[in-house]
Number of protein chains: 6
Amino acid sequence: MRPSGRQPDALRPVTFELEVNRYAEGSCLVRFGHTAVLCTASVEEQTPSWLRGSGKGWVTAEYGMLPRATHTRGEREAAKGKQSGRTQEIQRLIGRALRAVTDLTGFGERQIKIDCDVIQADGGTRTAAITGGWVALHLAFRHMQDLGALKRMPLTDHVAAISAGLCGGLPCLDLDYDEDSTAEADANFVLTGAGDLVEVQATAERGAFPRATLDRLLDLAAAGTGQLVALQKQVLGL
Amino acid sequence: MRPSGRQPDALRPVTFELEVNRYAEGSCLVRFGHTAVLCTASVEEQTPSWLRGSGKGWVTAEYGMLPRATHTRGEREAAKGKQSGRTQEIQRLIGRALRAVTDLTGFGERQIKIDCDVIQADGGTRTAAITGGWVALHLAFRHMQDLGALKRMPLTDHVAAISAGLCGGLPCLDLDYDEDSTAEADANFVLTGAGDLVEVQATAERGAFPRATLDRLLDLAAAGTGQLVALQKQVLGL
Amino acid sequence: MRPSGRQPDALRPVTFELEVNRYAEGSCLVRFGHTAVLCTASVEEQTPSWLRGSGKGWVTAEYGMLPRATHTRGEREAAKGKQSGRTQEIQRLIGRALRAVTDLTGFGERQIKIDCDVIQADGGTRTAAITGGWVALHLAFRHMQDLGALKRMPLTDHVAAISAGLCGGLPCLDLDYDEDSTAEADANFVLTGAGDLVEVQATAERGAFPRATLDRLLDLAAAGTGQLVALQKQVLGL
Amino acid sequence: MRPSGRQPDALRPVTFELEVNRYAEGSCLVRFGHTAVLCTASVEEQTPSWLRGSGKGWVTAEYGMLPRATHTRGEREAAKGKQSGRTQEIQRLIGRALRAVTDLTGFGERQIKIDCDVIQADGGTRTAAITGGWVALHLAFRHMQDLGALKRMPLTDHVAAISAGLCGGLPCLDLDYDEDSTAEADANFVLTGAGDLVEVQATAERGAFPRATLDRLLDLAAAGTGQLVALQKQVLGL
Amino acid sequence: MRPSGRQPDALRPVTFELEVNRYAEGSCLVRFGHTAVLCTASVEEQTPSWLRGSGKGWVTAEYGMLPRATHTRGEREAAKGKQSGRTQEIQRLIGRALRAVTDLTGFGERQIKIDCDVIQADGGTRTAAITGGWVALHLAFRHMQDLGALKRMPLTDHVAAISAGLCGGLPCLDLDYDEDSTAEADANFVLTGAGDLVEVQATAERGAFPRATLDRLLDLAAAGTGQLVALQKQVLGL
Amino acid sequence: MRPSGRQPDALRPVTFELEVNRYAEGSCLVRFGHTAVLCTASVEEQTPSWLRGSGKGWVTAEYGMLPRATHTRGEREAAKGKQSGRTQEIQRLIGRALRAVTDLTGFGERQIKIDCDVIQADGGTRTAAITGGWVALHLAFRHMQDLGALKRMPLTDHVAAISAGLCGGLPCLDLDYDEDSTAEADANFVLTGAGDLVEVQATAERGAFPRATLDRLLDLAAAGTGQLVALQKQVLGL
C-alpha cells in the first residue's frame, strides 16, 4: 500500500490553471498533488547570437524553487550567488524536452524563455515543470497566432513527463516526496503525445536494479504520460 | 484623474489569502491590485551566532521577484549570481520594519525568516511585502502559541506600509506601476497600528519638492496604513 | 548634553579641501568632524549605452570605505568579492541626489562618475559624501567650462545632506558615531539650495516615533543644510 | 558503416594505465580510443560533517576538462569562476555510480575523492571517467588494505559505463565525437559487474525515438560493459 | 636627461606623515613624489587558525587603489567582484617583505594587518607601500609597547623598497609613471637596513637585458634604500 | 649533500614529449624530475580587441594544477570559483617570458594561448611551464609555417627558466619540493638562449640574504638554462 493510499499506477490529482500571469505571453500554474509549479513563457524578439541569420528561433528554460517551497527552508540561490548543480540539471532537461517537440524554424528568429518556479514541492517538480511548461509554451504560440505573428502552431506534438520508482519492491507511478526519498530506484520519463521517448533518466538509489524493473517503470510512465497528454488537450480545448 | 479611475486617497483592492503554503509556520498571499506577493514565515530553532546566549531571537527578511513578475522579463538573480542593490535595499527595509514591532526577547533564541517573493508586480511590491509579511509573522507566532512554544504574542503592534507620490502635481496614495514610473516624487511609509512612524523614504524623481508635499503625502499614508491595519485585523480575526 | 558638548542644532566643524587629486577633473576632501571622505569626479566621454543618441549625459556615484576607516577594521569589499547592501544603498542615494540638481541635457553625451571613498568614519559618511560630491561635480563642470567644452554650468542648484536623530529623547543635528549607534531614530535629509527636499530617509531604531519628531528633525536639517550650502558657496567663491 | 570503420557493437580500444600519479592513493589513466581521462583517488581522514559519528564514509567525484582537451579550445572553468551545468551533472553522476557499488560502512569515517580530469576528449568522457574511476577507487582501497587500515575490500561489485546511440538509424556502441555530435539519440548506461542497472540516461537529439530503440541500445550497452568489466579484472589481476 | 630633471640616482621627494588615522594602532601617509599611499596597521587579538597554539603571530598586507588614483579612472575592484592578479601579487609581496624583518614569536598570538591604499599613483606604489608599511608597523608595535603589551620591539631591522629601471639605455632610480611605462627593464628591490636583499623582481619589458644591467640597477637600489632607511629613522626619531 | 644526491649545480632529468595532444597546434609534456606539466599552444584567429587593426598578435598563458598534482589534494580552483593569487602570478609570468622572445608583428592578428597544466608537482612547476611552453609555442609556429600561414618563425630566441636557492647555506640549482619548502632563499630565473635576463624573482624565505648569494644563484641559473636551451634544440632538431 502506498502512503497516500493510491494504486501503484495512479497519478496524483493533476490540474492546470491557465493565464495566471497578466504579462507573460503564456502561463500556467500546474499542480501534481501538493506540488505546484508556476510556468511562464516569455517571447523575446531576438534569437540567441549563435542563431542570428539562421532563420531559427530557440526555446530555453530556467528553473527555481522558492526558499520555503520545501519542508524545511532552503537557502535562496540568489543569495548564495549561484545555482546548484541540481537546478542546472533540471533546467537543461526542461529545455531539451520542449525543443524536442518544437519546430525551431516555425516562429521566426525569436527566443522563448520558459520560467518554471516551484511554489510548493512534494516530489515530481521537474515532471510537473515539463508538463506545465508545454502548456505555457502552447499558450504563448497561440497568443502569437492571435496577433497574426504566426501562421501555424510550431509545436509538432505534446510532451509530458512523469516519475516512476521502485518503492519497497513495488513499481509505482508519480512518487510524492515521502516515496521519492525512500525509493530503491527513481526514474523520470519524458514522452511525446505519440508515445515516443524524449528522455529517460533512471537512477538506482540503493545498489542496482534489474533490467526488468526499468521495463515495468516504463510501462507505468507510458500510461501516465498518456493521461497527462489527455489533460493537456482537455484544458486547452484541443 | 488617476489612470485607474481611483480617488487620490484610494487604495487598490487589498486582499490577504492565509496559509497558502503547507510547510511554512505562517504564510500569506497579499494582493494590492495586480501586485501579488507570497510571504512565508519560517521558524528556525537557532538565533544568529551574534545573539547566542543573549536570550534574544531575530527576525529577518529576504525578497525576490520571479523573472516574469514584470511587464518585460527580468533576468533571474540566481542566474546572474547576485542580488541587485534594489533587492538588498528592500529586504533590509522589510526586516527593519518587522523588528520594530517585535519583542525580540519574546520568542526564545530562534530566528524567523520572512520570504517575500513577488509573483506579479504592478507597483508597491515593498509595501505589500511589509504588510503581508506582518500577517505571515503573526500566523507563525500564533502557530508557536498553538504548539505551546510561546505564552504571549511577541508582536507589540501592527505594522503596515503604503506608497504615496506626486503625480502630475496631485498627491496620490498607493501608486501603481503607471503612476510610479512617471511620478515627480515617490515615497514609502511604514507605520504602526498606533500611527507612529517606523520608516519614511521619500525621493524626488524630478528636481525637488517642497516640504508641504511631504506633509500631504504623509497625511495620505497615515490614512492608508490605518485601512491596511484594519484589514489585517479583520483577516486574522483580531 | 551631547557627548561632544555640541548644541542640539550644531554641525561639527565642516571643511572642504579642493583639488586634492591631480588627475580627477574635480576633487574635494570633505570633513564633517572626524569623518573624512575623498570625493573625485571623473568625466568620461561616453554616456551609458541606454542614453546613446539621446543628447543626454549621466551622473553616477560609487562609494567605498577603507578597511580601517572604522574603529575596528572592516573586511575589504574587493577581497570579499562583493559590495554590501549598505554600500549599494548609499551609492545609489548619492547618485540620485546629484542628478536631482543636474541638467542632464547640459553637458553632452558624457558620463561623470563621482567616487566617494571614506578615509575615516565617525558617523555621517553618506551626508558628507553627498555634500562633498556636489563640490567635486561643480569643480569638474567648471574645469570643462575652462576648457571650452561647456558654455553653461549644468548644475541647477546646490545639494547638501545632513543627518538628524533622536538621542535620549533630544532631537539632534549631524550625529557622530557615538550618537548614531544609540539613537532612537535616525534620519538623513538631502535638500537643495532653495530648501526643497530631494530625499528623506528616516528610520526608527527602537520602536517607532511620532510624526512630530519627524517635523522637528526636518527643522534641524533644513537649518543644517542651509549652513552647508553657504560653506559650499564660500569655498567655491560663488 | 561507422566513420571509424568499427562494427556497431564494437568498443574502441580501451586501456588502463595504473598508478600514474606518485601521490594519489590510487590512480589510473583510462583511454577509450582518443579519449583520455586521468583518474585519481584521494583518501581523506574525515568524512563529511553530515556523516560524523555515523560510522560511515563517503565517496564523491569531481570532473574537469583541460582547456585544449577538445577540438577547439574551451574556456578554463577556473578562469570563468564557475563550473558549467554540464560539469556538475557529470561529476554528480560519477559519484552516484561509484557509491552504488561501495559499502559506505566498510572503510571508516573517511572520504574518498575521485578526480577525473579529461586530458583529451573524443566522446565518452563521462563513461571513461566512471570506468577508470572505479579502477582508481579499487587501487586506493587496496592501498589501504596493504597498510592494514582495512580488512575487507568495501567494493561490493564492479561498475562500468558506456554510451550507445542511434546514428543514421543504426544503433551503435561507444560513440566517438563525430558520431556523438550527429546522433539522433544518445544514451549513457552505468551497469554493475552483475549486469544490473545503476543509471540510464537516454536523450533524443532530434525529435523522439521509439521504445524499441532504447531496448536495442541497452542490449549493446550490456555487452559493452561486460567487456569493460572483464578488462578491469584483467588489469587489476582479479 | 630624465623627464623630471632628476639625476639617474635621485629619489623623488619622500615624506612620511605619521598617525593620520585616529583608529589604527599605527598609520602613515607616505609620498614618493606624486605617489601617495595610506598605510594603516591594525592589530587583531587572534593569530590565523593555522598558527593557534604555536605562540606565533602573523603579519599580512592588503593593497588597493582608489578608482581615480590613476590618470584615467580604473574600475573599482569591489564593484568588479574580484581583485586583479596585479593587486594580489603586490599584497603578497608587501606581506613577505614585512615578515622578513619581524620576529613572529615576539608579539604573541596576534595578527597585524597592513592596509596599503593608493590615494594617488605616479609609479612606485608597491615600493612606497612597503616603505610606508614598515613605518606603520613600527608605530603599531610602539603603541603596543606603550600599552605594556610588548616588552621588546619585534622588528629585527628596517625594510625599504625602491624601483629602478633602464630608461632609454640609462639606468635610473625610482621611476615615475612616465618612465615606468616606457622603460626597457623595470625592477623592484626590497632591502633591509643592513643592506641585505629581501626580494628582487626584475622584468624585461622589451626583449631581454644583460646581467650587467641588473648589477647596475642593484647598485642604484642599494643606495636608494639606504636613503629611505635614513628617512624612516629620522621620522621615527630612531 | 642534497636530499636527491644531486650535485649543487645539477638539473634533475629533463625530458620533453612532443605533440602529446592531437588537437592543439603545438603541445609538449615537459618533465623536470617528478614534476610534469602538459603545455599546449592554441592558435586563435583573432587578436585581443585592444590590438585589432595594429597588425600585431598576442601570446598569453594560463596555468592550472590538477587537484592531486600535489602531496595532499588541493581544492579545485574551478570549484572554489576563483584562481589563487599564486596561479595568477605564475600565468602572468609565463606570458611575459614568452612574449619577450616573440616578434608580435610576425604572425598576423592572431592570439596564441599557452595552457600549462601541472599533472604532477615536485617543485619548479613554473620554470618547467616556461621551458615547455616555449617548445609548444615553437611547434605551433612551425605548424603554421607548414600550412603556409607564416613565412618566418616569429620567435627571436629561445627562452628557458630554472629555479635556484640557498639550502642549508649551499646554493643549489633546480630545487625539488623538499628543498624548496626549506630553502633560506628561493629564486626563479628566466633567460634567453643568448644568456640575457628576461625575469629575475628572488625571495628571502628566512630573513634576508647578501648580494653575493644572488650572484651565485645567477651563476647556477645561467649554466642551467644553457643546458635547457640545448635540450630544446635537440628535441626540436634545431
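Residue numbers start from 1 in every chain, and the chains themselves are labelled A, B, ... in the order their sequence lines are given, proteins ahead of strands.
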Looking at Ile119(D), Thr70(D), Thr72(D), Asp115(D), which has the largest count of heavy-atom pairs under 4.5 Å with chain F?
Asp115(D)
Just by modelled atom types, is the Asn188(F) backbone N or O under 3.5 Å from a matching donor or acceptor in the Ser163(F) side chain?
no
Tell me, out of Glu62(F), Lys80(F), Lys82(F), who's got the most heavy-atom pairs with chain D below 4.5 Å.
Glu62(F)
Verdict with reasoning, Phe32(F) to Ile162(F), per side chain to side chain contact (heavy atoms under 4.5 Å, CB included)
CA-CA 10 Å; Phe32(F) 281 26; Ile162(F) 199 69; 3.7 Å; yes
Heavy-atom pair count under 4.5 Å with chain D, highest-scoring of Gln120(F), Glu77(F), Arg68(F)
Arg68(F)
Looking at Glu109(F) and Gly55(F), would you say the former's side chain and the latter's main chain have a donor-acceptor pair under 3.5 Å?
yes
Taking the side chain from Tyr63(F) and the backbone from Thr125(F), do they hold a donor-acceptor pair closer than 3.5 Å?
no
Tell me, for Leu38(D) versus chain F, whether the close heavy atoms (under 4.5 Å) come from the side chain, the backbone, both or neither.
side chain
Gln227(D) vs Val14(D) side-chain heavy atoms within contact, under 4.5 Å:
no
So what's closer than 4.5 Å to chain F heavy atoms on Ala36(D): side chain, backbone, both or neither?
neither
Go through the atoms of Ser42(D) and report whether side chain, backbone, both or neither lie under 4.5 Å from a heavy atom of chain F.
both
Please answer whether the main-chain N or O of Glu199(F) pairs with a side-chain N or O of Arg96(F) as donor and acceptor at a distance below 3.5 Å.
no
With a 4.5 angstrom heavy-atom cut-off, is it the side chain or the backbone of Glu44(D) that approaches chain F, or both, or neither?
side chain
Heavy-atom contact with chain F under 4.5 Å, split by part of Asp117(D):
side chain
Please classify the contact between Ser27(F) and chain D as side chain, backbone, both or neither, with a heavy-atom cut-off of under 4.5 Å.
neither
Please determine, among Val20(F), Thr87(F), Leu66(F), the option with the most heavy-atom pairs under 4.5 Å with chain D.
Leu66(F)
Pick from Gln83(F), Arg22(F), Lys113(F), Gln88(F): which one has the most heavy-atom pairs with chain D under 4.5 Å?
Arg22(F)
Could you check whether atom NE2 of His34(D) has more than 12 heavy atoms from other residues, nucleotides or ligands sitting under 6.0 Å from it?
no
Report yes or no: does Arg99(D) contribute a side-chain atom to a donor-acceptor pair with the main-chain N or O of Thr60(D) at less than 3.5 Å?
no
